[in-house]
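Contents: one structure, followed by commentary.
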Amino acid sequence: MDSILAKYAARAVPRYTSYPTAPHFRAGLQEASYRAWLAALDPGTPVSAYLHVPFCRQMCWYCGCNMKLAARYGPVASYVETLLAEFDLVADALPARMTLGHLHWGGGTPTALEPGDLARAMERLRAHFDIAPGAELAIESDPRTLTPEMAATIGRLGFTRASFGVQEFDPRVQAAINRLQPPEMVARTVADLRAAGVAGINFDLIYGLPHQSVETLLATIGICREMAPDRIALFGYAHVPWMARNQRMIPEAALPDGPARAAQAAAAAAALTAAGYEAIGLDHFALPGDAMARAAREGLLRRNFQGYTTDRAETMIGFGATSIGRTPGGYVQNIAETGAWARAVASGRLPVARGLALGAEDRLRGRVIEAIMCAGAVDTAALGREYGREPGWCRDELESLAEFEADGLLLRDGPRITLTLEGRRLCRVVASVFDAWLAASEARHSVAV
């Protein structure tokens, strides 16, 4: 299978955390459209929230996120005030008081906030929203800067899950990506959070980094196992220096080539499953008792802008600069530049920058792509019927899968396709066959493996 994997692994395709994907969002989406989508929500149906904090205290060279260096706290404090005002604006646009079933603080580094400001933000959210019993409240953290006081605050505020960017523990790799954090530092932070009552711990690992090898990655996984995180995400480094200028600090000659990346991904996946983690979709691993592992076994796994999730809400409200939200009406992305975002909020305007209204064809193809990404199988005829389409609505796409079938990546049974174990590693490539927007796109994407 190595030659088959190499055949497809270098194809540049989206990660499909949405469909249509974010490069297809259009500038000029009217605030009135977003207000109408919010007003049309069913007050009896839980929603989710994503809160973006773009500040970090140090830049990591591999990062492709929208972030700003926080050399002093003043801009962060101002950002918090605007975030509170945005909570008020959105709450006023909703048809009634809503319930949050999932909440995710991302960034950047949300724990760049001072503990008191994080508490104020959560208090304001609770003033506008009810928190569903058993809701997952998650926050991304940086072990280099997370203090014991912040860990205690996270626990006191009821967070149920914390995520860390471990990436790689090899010192040479860490130096090349400008993220120095010895295992002892991460272990101490995990212990602080668990002592504060945060039961769920996520680690992010990355393969394909400069100077990285199978050996360094396996050593990192061995160290991670001792800390026993519930979930581990294993991402392929996306080298996109045309988008993320900080990545130009990474020497391209030190990056592993396609076969080396594939070998790292395969070795890491094998080590994680041998350690008792269940493979989830494309790049996640979870212990058998974890909610995500149960959702995958029960066919309830979903995918959104945070990656794989147990969140089944159809509406995610985005708060903060550059955040992306989704309603049944369509996708909405906030203004990315923090100053312009703050000015819009100060003027009483929902800070919409761009978005996309969803049509029936988008919804249908999005369901197919999500099923491939999450379950590794889809019945295109059954989904088509839900949208009033004839069984042969995607005949051309199904016929184009013949090459994948011949290469042992999937099985076809009429309108139903099922990825093989090898094919699941290339689910992004298979999913792209159903992407009606991709052919006309000028967007550049990362490689499939």
Side-chain angles (χ1 to χ4, degrees), residues 16-22 24-52 82-104 124-133 135-136 300 302-306 309-335 341 344-345 347-370 383-389 436-437:
Y16 291 116
T17 53
S18 71
Y19 182 81
T21 54
H24 301 296
F25 296 175
R26 294 165 179 165
L29 179 77
Q30 297 298 307
E31 184 208 18
S33 297
Y34 185 29
R35 285 189 177 274
W37 293 346
L38 291 175
L41 295 177
D42 177 2
T45 302
V47 300
S48 301
Y50 172 76
L51 300 95
H52 188 77
T82 303
L83 199 58
L84 299 180
E86 188 182 6
F87 295 165
D88 298 341
L89 282 177
V90 170
D92 288 344
L94 294 171
R97 185 179 177 88
M98 308 286 286
T99 298
L100 288 177
H102 274 70
L103 182 147
H104 188 100
R124 185 69 63 89
L125 274 175
R126 291 178 186 273
H128 291 306
F129 295 90
D130 294 322
I131 306 296
E136 180 171 284
L300 300 176
R302 298 293 302 273
R303 190 161 173 84
N304 62 22
F305 288 102
Q306 281 68 63
T309 179
T310 59
D311 180 11
R312 299 192 61 76
E314 292 300 319
T315 296
M316 174 179 285
I317 301 174
F319 295 100
T322 204
S323 66
I324 298 177
R326 172 180 171 153
T327 73
Y331 292 106
V332 177
Q333 184 168 24
N334 276 355
I335 297 168
W341 165 76
V345 172
S347 70
R349 184 170 66 86
L350 296 175
V352 176
R354 61 192 193 121
L356 188 70
L358 288 171
E361 184 76 7
D362 293 326
R363 292 187 177 92
L364 171 56
R365 290 182 178 272
R367 292 276 303 280
V368 170
I369 287 171
E370 186 177 40
L383 285 180
R385 283 194 296 272
E386 294 184 25
Y387 292 84
R389 300 296 297 274
W437 291 77

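Keep in mind that what you see is a predicted model, and the values were worked out from it rather than measured.
For the pair His128 and Met98, the minimum side-chain heavy-atom distance is 4.5 Å or more. For the pair Thr310 and Leu300, the minimum side-chain heavy-atom distance is 4.5 Å or more. Between Glu314 and Thr45 the shortest side-chain heavy-atom distance does not fall below 4.5 Å. Counting only heavy atoms from C-beta outward, the side chains of Leu125 and Leu51 approach each other to under 4.5 Å. Arg35 has its side chain out of reach of Arg349: every pair of non-hydrogen atoms, C-beta onward, lies at least 4.5 Å apart. Counting only heavy atoms from C-beta outward, the side chains of Asp311 and Met316 approach each other to under 4.5 Å. By the 4.5 Å heavy-atom criterion applied to side chains, Ile324 and Ser18 are not counted as neighbours. Taking 4.5 Å as the limit, every side-chain heavy atom of Gln333 sits out of range of all side-chain heavy atoms of Ser323.
Between the CZ atom of Arg326 and the OG atom of Ser48 there is a distance of 11.5 Å, given to the nearest 0.5 Å. Within the model, atoms CZ of Arg365 and CG of Leu383 stand 12.0 Å from one another, a figure rounded to the nearest 0.5 Å. Between the CZ atom in Arg367 and the CD atom in Glu386 there is a gap of 4.5 Å [rounded to 0.5 Å]. For the atom pair Ile369 CD1 and Tyr16 OH, the distance stands at 5.0 Å (nearest 0.5 Å). In this structure, NE2 in His102 is found 4.5 Å from CD in Glu136, a value given to the nearest 0.5 Å. Between the CZ atom of Arg26 and the NE2 atom of His24 there is a distance of 10.0 Å, given to the nearest 0.5 Å.
Pairing each heavy atom of Leu94 with each of Ile317, the nearest pair is CD2-CD1, 4.3 Å. Scanning all heavy atoms of the two residues, the minimum distance from Glu31 to Val352 falls at CA-CG2, 4.5 Å. Closest of all the heavy-atom pairs between Leu100 and Ala49 is CD2-CB, 3.8 Å. Minimum heavy-atom separation, Leu358 to Gly330: CG-CA, 3.8 Å. Minimum interatomic distance between Ala313 and Pro46 (heavy atoms only, all atoms of both residues): CB-O, 3.8 Å. Contact between Arg97 and Arg126 at its shortest, heavy atoms only, is NH2-O, 2.9 Å.
Of the listed residues (Tyr331, Trp437, Tyr19), just one forms a ring pair (Phe, Tyr, Trp, His ring centres under 6.0 Å) with Phe25, and that residue is Tyr331.
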Test log, rule side chain to side chain contact (heavy atoms under 4.5 Å, CB included), inputs Val332 and Leu350: CA-CA 11 Å; Val332 177; Leu350 296 175; over 6 Å; no
Stepwise side chain to side chain contact (heavy atoms under 4.5 Å, CB included) test for Trp341 and Thr322: CA-CA 8 Å; Trp341 165 76; Thr322 204; over 6 Å; no
Worked check of side chain to side chain contact (heavy atoms under 4.5 Å, CB included) between Leu89 and Phe319: CA-CA 10 Å; Leu89 282 177; Phe319 295 100; over 6 Å; no
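Using modelled atom types, no side-chain atom of Arg302 and backbone atom of Glu370 make a donor-acceptor pair closer than 3.5 Å.
Under the 30°/60° scheme for interplanar angles, the aromatic rings of Tyr50 and His104 are found to lie parallel.
Counted by atom type alone, Glu86 and Asn334 present one or more donor-acceptor pairs between their side chains at under 3.5 Å.
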